[in-house]
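Note that this is a predicted model, so its numbers are computed, not measured.
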Amino acid sequence: MRRVLFVCSQNKLRSPTAEQVFAGRGDLEVASAGLNHDAEQPLGAELVEWAQLIFVMEKAQRNKLQHKFKAQLRGKRVVCLDIPDDYEYMAPALVQLLLARVPKHL
């Protein structure tokens, strides 16, 4: 079982959609969180340590993640999906982007 973490800013739209899309896979254990302090599910060091693979939606989020959790990220792979904050939760276009970009990294 591979532990995969999806991260965005607020954990309201993109990362919860990604968590929902990939939650049904039997080979993955998935979670999502947000980097902002007021996120629905704020990202903490424990969750970063739990993850084996981390997906962020934007380059700025990768930078913030690396700055905030440098110690916990040692040896972990962080993949930027380059998905802008232009989508609603479970929007078909967002689901299609996730299905096109995530599996090749799993």
Side-chain angles (χ1 to χ4, degrees):
M1 227 17 174
R2 193 161 195 196
R3 296 184 306 272
V4 178
L5 175 62
F6 295 98
V7 177
C8 66
S9 297
Q10 292 292 341
N11 191 231
K12 289 182 181 175
L13 306 172
R14 293 172 291 173
S15 60
T17 297
E19 180 180 11
Q20 185 67 36
V21 167
F22 293 97
R25 284 188 48 158
D27 61 334
L28 300 178
E29 194 174 339
V30 296
S32 68
L35 280 164
N36 293 355
H37 69 281
D38 60 344
E40 295 287 318
Q41 170 69 47
L43 182 60
E46 196 173 285
L47 196 52
V48 175
E49 288 174 0
W50 167 86
Q52 294 171 307
L53 175 60
I54 301 170
F55 289 97
V56 296
M57 302 296 157
E58 301 173 25
K59 288 180 180 76
Q61 293 163 350
R62 180 174 50 202
N63 295 340
K64 189 173 182 177
L65 178 73
Q66 289 170 335
H67 177 74
K68 198 171 178 181
F69 298 102
K70 189 174 185 173
Q72 293 84 3
L73 286 171
R74 279 205 185 91
K76 297 196 187 273
R77 192 158 154 235
V78 178
V79 176
C80 181
L81 295 171
D82 288 315
I83 298 176
D85 194 10
D86 295 339
Y87 303 94
E88 294 299 318
Y89 176 72
M90 293 303 290
L94 174 56
V95 171
Q96 289 305 316
L97 273 175
L98 290 165
L99 290 172
R101 295 182 184 179
V102 171
K104 61 185 167 191
H105 298 286
L106 296 175

Nearest heavy atoms of [X] and [Y], plus distance in Å:
X: His37; Y: Pro42; answer: O-CG, 4.0 Å
X: Arg14; Y: Ile83; answer: NH1-O, 2.7 Å
X: Ala39; Y: Ser9; answer: CB-O, 3.7 Å

Do [X] and [Y] have side chains that approach each other closer than 4.5 Å (heavy atoms only, starting at C-beta)?
X: Arg62; Y: Leu65; answer: no
X: Leu97; Y: Leu81; answer: no
X: Val56; Y: Cys80; answer: yes
X: Phe69; Y: Leu43; answer: yes
X: Arg101; Y: Phe55; answer: no

Is it true that [X] and [Y] fall in one hydrophobic cluster, defined by side-chain heavy atoms closer than 4.5 Å?
X: Ile54; Y: Met57; answer: no
X: Val79; Y: Leu73; answer: no
X: Trp50; Y: Phe6; answer: no
X: Tyr89; Y: Leu98; answer: yes
X: Val4; Y: Leu99; answer: yes

Query raised in the report: To the nearest 0.5 Å, what is the distance between SG (Cys8) and CD (Gln61)?
Result: 6.0 Å
Do side-chain atoms of [X] reach the backbone of [Y] as a donor and acceptor pair under 3.5 angstrom?
X: Lys76; Y: Glu49; answer: yes
X: Arg2; Y: Leu53; answer: no
X: Thr17; Y: Met90; answer: yes

Requested in this report: Kindly indicate, with the supporting measurements, whether the criterion side chain to side chain contact (heavy atoms under 4.5 Å, CB included) is fulfilled by Glu40 and Leu13.
Outcome: CA-CA 10 Å; Glu40 295 287 318; Leu13 306 172; over 6 Å; no
Report task. Taking atom CD of Gln52 as the centre, report whether more than 12 heavy atoms of other residues, nucleotides or ligands fall under 6.0 Å from it. Result -> yes
Pair up each side-chain donor or acceptor in residues 22-33 with any protein partner under 3.5 Å, not counting sequence neighbours, and list the distances.
residue : atom : partner : partner atom : Å
Arg25   : NE   : Asp27   : OD1          : 3.0
Arg25   : NH2  : Asp27   : OD1          : 3.4
Arg25   : NH2  : Asp27   : OD2          : 2.7
Ser32   : OG   : Asn11   : ND2          : 2.9
Ser32   : OG   : Glu19   : OE1          : 2.6

Requested in this report: Could you go through the side chain to side chain contact (heavy atoms under 4.5 Å, CB included) check for Val102 and Val21 one step at a time?
Outcome: CA-CA 10 Å; Val102 171; Val21 167; over 6 Å; no
Report task. Give the intermediate values and the outcome of side chain to side chain contact (heavy atoms under 4.5 Å, CB included) for residues Glu58 and Asp85. Result -> CA-CA 9 Å; Glu58 301 173 25; Asp85 194 10; 4.0 Å; yes
